[in-house]
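Each ligand, and each atom within it, is numbered from 1 in the order the structure gives. Residue numbers count from 1 along this sequence.
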Amino acid sequence: MKAFNFHEVKSVKEATKLASNKSTFLAGGMTLIPSMKMRLSSFSDVIDIKEIKELYGIKVKGKSVIIGANTKHADVAASKEVRKAVHSLAGLAEGIGDPQVRNCGTLGGSISNNDPTACYPSACIALDATIHTSSRKVDAENFFTGMFETSLKKGELVTAVEFQIPEKSCYIKFPNPASRYAMVGVYIAKFKKEVRCAVTGAQSVVYRCKEIEKALNNNFSESALDSVSLKSSNLNSDIHASAEYRASLIVSCAQKAVAGSK
Ligand SMILES: Cc1cc2nc3c(=O)[nH]c(=O)nc-3n(C[C@H](O)[C@H](O)[C@H](O)COP(=O)(O)OP(=O)(O)OC[C@H]3O[C@@H](n4cnc5c(N)ncnc54)[C@H](O)[C@@H]3O)c2cc1C
């Protein structure tokens, strides 16, 4: 690990004031620390945001659930409010990694890192989320821009994520047996006006699967997906799964998600 200056801050204002082109924010450190240790990344300044109290907490307000950026996966999984409002969101958090990762990893860290196989980006897209940052509010669909890339500007801090509460929803992941990251993860959310289907793990960035949405908007049932066949030419192929296998996994995960929606 290369040498850096370490700052512990207590407010969003203090964090953004210290930020520069060569700095980074430290949340749970689940991704940042290993990548710095392996010298995949290095920074002049590391700004520890763990002590910023305003970045924690869960609120259900009207038709939305607002979760602070520093909220840990274990806290989302254990939250009765989240489970009651959006059962699938608590379930998603419960299925991330292992207990150590869930007790250190944060919502803000997960979406800012935007790993193409991470679970939370699919929740943001399916639940039509708005990302609150230190300077603006961004629709989730304009936030995740590419592999490990977001529309965050240098020094911009995610402060919270506002998820819309659907009528029914479910997240089904086919996990990598070692890391528990998604080889494919499908999040289905049924709203009064539309069904949204977000897929993670299958392309370089999370995306909405229009073929599945179209079928489910006509008929919200497992059998509506029997005739859906996805092309594999635009899907990831690696040692874990071929593109063809992923295409078939997306449909079967979507069918399980429809069956499990509540
Ligand atoms: C073994 C293992 C298994 C995992 N399995 C899964 C899984 O199954 N599913 C899944 O979805 N994820 C999984 N993860 C990812 C994990 O859930 C963490 O969310 C992720 O690693 C980010 O870690 P962190 O929250 O500690 O953020 P950090 O590592 O501290 O930060 C990550 C990046 O985000 C930036 N950042 C952090 N917070 C903010 C903020 N508020 N605003 C702006 N930028 C910010 C940092 O500067 C850094 O660039 C796994 C991780 C590990 C190590």
Notebook entry, point to check: Should H73 be counted as touching ligand 1, given the test is an N or O pair under 3.5 Å?
Noted result: yes
Note to self: Counting non-hydrogen protein atoms only, what is the nearest one to atom 35 (C) of ligand 1? Give residue, atom name and distance.
What the structure shows: S112 CB, 3.8 Å
Checklist line | Atom indices of ligand 1 within 4.0 angstrom of G28 heavy atoms, with elements | finding: 24 (P), 26 (O), 27 (O), 30 (O)
Checklist line | N/O separation below 3.5 Å, T24 to ligand 1 | finding: yes
Notebook entry, point to check: Quick check: does L152 get an N/O under 3.5 Å from an N/O on ligand 1?
Noted result: no
Check: Could you give the distance from CG (L225) to CD1 (I188), rounded to the nearest 0.5 Å?
Finding: 7.0 Å
Next item on the list: Look at atom 25 (O) of ligand 1 and find which of T133, L92, I131, T106 reaches it with the closest heavy atom.
Entry: T106
Next item on the list: For atom 42 (N) of ligand 1, find the nearest protein heavy atom and state the residue, atom name and distance (0.1 Å precision).
Entry: V158 N, 2.8 Å
Checklist line | Shortest heavy-atom approach to atom 1 (C) of ligand 1 - which of V101, N114, V161 | finding: V101
Next item on the list: Look only at interatomic distance and state if A118 has a nitrogen or oxygen under 3.5 Å from any nitrogen or oxygen of ligand 1.
Entry: no
Note to self: What I want to know is whether G97 and ligand 1 share at least one N or O pair that is separated by under 3.5 angstrom.
What the structure shows: yes
Checklist line | Selection from G109, A178, G185 by shortest heavy-atom distance to atom 37 (C) of ligand 1 | finding: G109
Item checked: Pairing of R83 and E94 as salt bridge, 4.0 angstrom limit -> yes
Next item on the list: Kindly compute the distance separating OG (S151) from CG (N114), expressed to the nearest 0.5 Å.
Entry: 10.0 Å
Notebook entry, point to check: Which atoms from ligand 1 have a heavy atom of S179 less than 4.0 Å away?
Noted result: 3 (C), 4 (C), 5 (N)
Check: With only distance considered, is L26 within less than 3.5 Å of ligand 1 through an N or O on each side?
Finding: no
Check: Side chain, backbone, both or neither: which part of L32 comes within less than 4.0 Å of ligand 1 when only heavy atoms are counted?
Finding: both
Notebook entry, point to check: Ignoring hydrogens and geometry, is there a side-chain-to-backbone donor-acceptor pair from R246 to A241 under 3.5 Å?
Noted result: yes
Next item on the list: If a pair satisfies ring-ring contact (aromatic ring centres under 6.0 Å, His included) and one of its residues is in residues 52-73, list it, with sequence neighbours excluded.
Entry: H73-Y120
Check: Of L127, I212, D128, which meets side-chain contact (heavy atoms from CB on, under 4.5 Å) against R196?
Finding: D128
Next item on the list: Check step by step if side chain to side chain contact (heavy atoms under 4.5 Å, CB included) holds for K168 and K262.
Entry: CA-CA 5 Å; K168 287 177 171 188; K262 55 180 172 177; 5.8 Å; no
Check: What are the atoms of ligand 1, with element, lying closer than 4.0 Å to any heavy atom of I49?
Finding: 38 (N), 41 (N)
Notebook entry, point to check: Which ligand 1 atoms, with their elements, are less than 4.0 angstrom from a heavy-atom of A69?
Noted result: 41 (N)
Item checked: Polar proximity ligand 1 side, A27 side, N/O cut 3.5 Å exclusive -> yes
Checklist line | Of N218, V258, L216, the residue whose pairing with V195 passes side-chain contact (heavy atoms from CB on, under 4.5 Å) | finding: L216
Next item on the list: Could you tell me if any non-hydrogen atom of L107 lies under 4.0 Å from any atom of ligand 1?
Entry: no
Note to self: Working note: E14 + E51, criterion side chain to side chain contact (heavy atoms under 4.5 Å, CB included); need CA distance, chi angles, decisive distance, verdict.
What the structure shows: CA-CA 11 Å; E14 211 184 330; E51 296 298 319; over 6 Å; no
Check: Of all the heavy atoms in Q100, does at least one lie under 4.0 Å from an atom in ligand 1?
Finding: no
Check: With distance as the sole test, does S134 use its side chain to make a donor-acceptor pair with the main-chain N or O of L157 at under 3.5 Å?
Finding: yes
Next item on the list: Evaluate the side-chain proximity of S42 to F4: yes if any heavy-atom separation is below 4.5 Å, no if none is.
Entry: no
Notebook entry, point to check: Can you check whether T117 has an N/O within less than 3.5 Å of an N/O in ligand 1?
Noted result: no
Margin query: Which option wins on minimum heavy-atom distance to atom 21 (O) of ligand 1: T31, N113, T159?
Written below: T31
Notebook entry, point to check: Can you list the atoms of ligand 1 that are under 4.0 Å from a heavy atom of G105?
Noted result: 25 (O), 26 (O)
